[in-house]
Amino acid sequence: MKNKIFRGTPASPSIAIGKSFVYSPKQMVLSSMVEKKDITEELALFEKARNMALKQLRNLKVELKKASDPVSARLIDVQMLFLQDPLFLNSVEKRIRTGKESAEEAIVSFSESLEKDFKDIPNSYIAERYLDVKDIVERLLKNLKEEEPDGELGSHGDIVIAESFTASSVLQMSKAGVGGLIAEKGGRTSHFAILAEALNISAVVGANGVTEEVESGDEVIVDGISGVIVINPDEDTKRRFERKKEETNAIQKKFLEQKDLPATTIDGYSVDISANIELPIELPFIKKFGAKGVGLLRTEFLFLTSEDVPDEKEQYDFYLKVAESAYPDYVIMRTLDLGGDKVFKTKVQEENPFLGWRGVRFTLANEKIFEDQLRAMLKASAKGNVRILIPMVSQLEEIMRVKDMVEDIKIKLKKEDVAYDENIEIGAMVEIPSVPLMADFFSEVVDFFSIGTNDLTQYTLAVDRGNKNISSLFDQLDPSVIALMEMTVRKAHHKHKWVGICGDVAADVVAIPILIGMEMDELSLPPSFIPQIKNIIRGLSLKECKDLLEKAEKKRSASEVREFLKGEMLNRFPSLKNILVEVEND
Ligand code: PEP
Ligand code: MG
């Protein structure tokens, strides 16, 4: 059938057209005839497979460095560290020593128990971290069976399609020069998706059912800008996408060349554009895409990539590295945003985790964890470019308690003669409607606000942000969410406090004029979107943005707001058709 269209989440903003290669990695199942061998022999087999894996990764790292690819090389470090992690080693070896499990079984059961832990986590970002572990486990199993570490993964120009990818498979694909990838699973923040973006491979993820509809050799278009996939396009469609590809390549090149120009409107209103990051591999993206520092450093990965809560030193090393990478620009470090059910070792079951022990509610109740994290952040603030952001705030009392803790820690650090920033700013995330509604009072106790529209939309509309059944009700441009954003800015500015946005709406091109119209002080977004968003801001005036905001506020639904803004933006920026119009007709 010609022109079969699928939609997924755009994950790496470019277009590729090529022959499909459907990749089905061997399932991670036990060979049916696992012979039980003696414990010493199984331990030796495990050790051999592990050493082989370390050697393979070392070689891969050398190759990547030769190809001047420091981003991916750093990812290999993470995998090598995992292979040497005492918790991982002890856990597998303990299983073998029981005499009941072979090396292969021990690795698989370790991986399965971890998978269970990760699958219970409602936050898709965190659940996706499991893919990194799976990557290493697959490598170990292949080594045990003495198979080639990676099977064929497509060749030059191919579009590789699979249920999911591992980070090392993406590295291998990059070496082979594949043009694009499509995954049935995963989100924009999956490691493999971040890597695809870093390595300039077009990518669409979360494309449910696609592997059943495509065969190796079919021609496929993958549009990593809109998330559209076309299988066996007709000539007309192919021509349109080829044109879109050429146009977007030229435009993106221009945006990148201008990435360091400030985000200042025609009439002189300036807004800081900073980056949302979490992983060490994303650090080079701050400068690469022209961000003014980091507007949101999520810290959950530190806690979920180790079996134990990371200590102050481990956290400090990472925070310092981020602060140094961004210097002299600032880094807004968000304290842990996990729920009780999401921290290893404290397996609290809750009926409504999103309404439960999450974010600051959890950290305030787990003082040691919170104190270590705040100490690490304060110590990393010595050069003065660190700010602290508190997630899931719903009441004034929470901020007061955090501030008391920070003051106590400062006193201790002073006594220990450890440097920190005495004037470090402390801000609240605006994710729960009680904060905008009470922003007059909050403005008296915080230094700044950062609006998290992903959760603000979820908690305003009572629509679970990850539930596909009701995803049509989830729109960050819902009039109620716009009203709450505006209310926050108005009340905060009245008390001379600044406001940023770190939710996904900051990367939504049609939303930009209304965010500027509100006089937002900062927008923080995924790095690769930054050059384009800056370009759009430079083409608008504050005056027209205020006018567009006023008109948008008269609309009665998210779709009316969107339709209106889309029309206005297409008039002003015709090249946006490549993003806002899926496939243009001739
Ligand atoms: C948000 O809620 O908009 C936000 C940025 O935080 P997270 O997506 O990490 O919950
Ligand atoms: Mg949030």
Side-chain angles (χ1 to χ4, degrees), residues 9 11 121-129 187-190 193-194 206 272-279 282 291 293-304 331-343 352-363 373 387-394 398 427-436 448-467 471 474-478 480-482 484-485 488-489 499-508 511 515 520 522-527 529-530 533:
T9 308
I121 297 170
N123 181 327
S124 67
Y125 170 80
I126 292 159
E128 283 158 18
R129 297 280 74 81
R188 213 175 54 202
T189 46
S190 305
I194 292 172
D272 285 344
I273 306 292
S274 49
N276 288 357
I277 62 165
E278 175 158 20
L279 305 170
E282 294 173 285
V294 177
L296 173 64
L297 176 73
R298 293 181 167 102
T299 58
E300 289 75 46
F301 104 94
L302 278 173
F303 290 77
L304 285 145
V331 177
I332 299 182
M333 300 185 178
R334 184 175 74 182
T335 59
L336 190 57
D337 187 20
L338 293 182
D341 59 324
K342 293 176 236 152
V343 175
N352 286 307
F354 275 117
L355 299 183
W357 219 24
R358 184 183 168 191
V360 72
R361 302 171 179 184
F362 175 81
T363 44
Q373 184 169 44
R387 299 167 182 174
I388 295 178
L389 180 61
I390 312 298
M392 192 70 185
V393 173
S394 61
E398 290 157 344
M429 291 275 301
V430 179
E431 295 167 300
I432 300 175
S434 60
V435 179
F448 67 96
F449 293 93
S450 186
I451 306 179
T453 44
N454 310 341
D455 277 312
L456 186 61
T457 308
Q458 154 164 278
Y459 292 126
T460 302
L461 301 174
V463 176
D464 179 341
R465 61 194 257 190
N467 185 336
S471 60
F474 186 93
D475 191 326
Q476 307 199 0
L477 286 182
D478 192 274
S480 58
V481 181
I482 295 175
L484 289 169
M485 289 194 266
T488 309
V489 179
V499 185
I501 286 229
C502 60
D504 286 353
V505 78
D508 185 344
L515 303 181
M520 207 59 78
E522 180 227 40
L523 306 181
S524 190
L525 41 140
F529 290 81
I530 289 174
I533 297 292

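When a ligand or atom number is given, it counts from 1 through the structure's own listing order.
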- [ ] Please confirm whether the backbone N or O of L355 pairs with a side-chain atom of Y459, one donor and one acceptor, at under 3.5 Å?
- [x] no

Task: Candidates D508, T453, T457 - the one meeting side-chain hydrogen bond (donor to acceptor under 3.5 Å, both in side chains) with Q476 - done: T453

Task: Enumerated ligand 1 atoms positioned under 4.0 Å from heavy atoms of C502 - done: 5 (C)

Open item on the list: If I consider every N, O or S atom in E431, which one ends up closest to the Mg ion (ligand 2)? I only need its name.
Closed with: OE2

TODO: State whether the side chain of Q458 and the backbone N or O of R465 hold a donor-acceptor pair below 3.5 Å, judged by distance alone.
DONE: yes

Task: Atom indices of ligand 1, in the order listed, that fall short of 4.0 Å to a heavy atom of R465 - done: 2 (O), 7 (P), 8 (O), 10 (O)

Open item on the list: Just to be sure I read this right, does ligand 1 sit under 4.0 Å from the backbone of L456, its side chain, both, or neither, counting only heavy atoms?
Closed with: neither

Open item on the list: Polar contacts were defined as any N/O atom of the residue lying under 3.5 Å from an N/O atom of the ligand; does this apply to D504 and ligand 1?
Closed with: no

Open item on the list: Quick check for you: to the nearest 0.5 Å, what is the distance between R358 atom CZ and L336 atom CG?
Closed with: 10.5 Å

Task: Subset of ligand 1 atoms that lie under 4.0 Å from at least one heavy atom of L296 - done: 5 (C)

Task: Backbone or side-chain N/O/S of D337 under 2.8 Å of the Mg ion (ligand 2) - done: no

Task: Audit row: D478, S480, side-chain hydrogen bond (donor to acceptor under 3.5 Å, both in side chains) steps and yes/no - done: CA-CA 5 Å; D478 192 274; S480 58; 2.6 Å; yes

Task: Residues T363 and Q373: side-chain donor-acceptor under 3.5 angstrom - done: no

TODO: Among the N/O/S atoms of D455, select the one at the shortest distance from the Mg ion (ligand 2) and name it.
DONE: OD2

Task: Mode of E278 contact toward ligand 1 - side chain, backbone, both, neither (heavy atoms, under 4.0 Å) - done: neither

- [ ] Within a distance under 4.0 Å of any heavy atom of R358, pick out the atoms of ligand 1 and give their elements.
- [x] 10 (O)

Task: ligand 1 contact on Q476 by region, counting heavy-atom pairs under 4.0 Å - done: neither

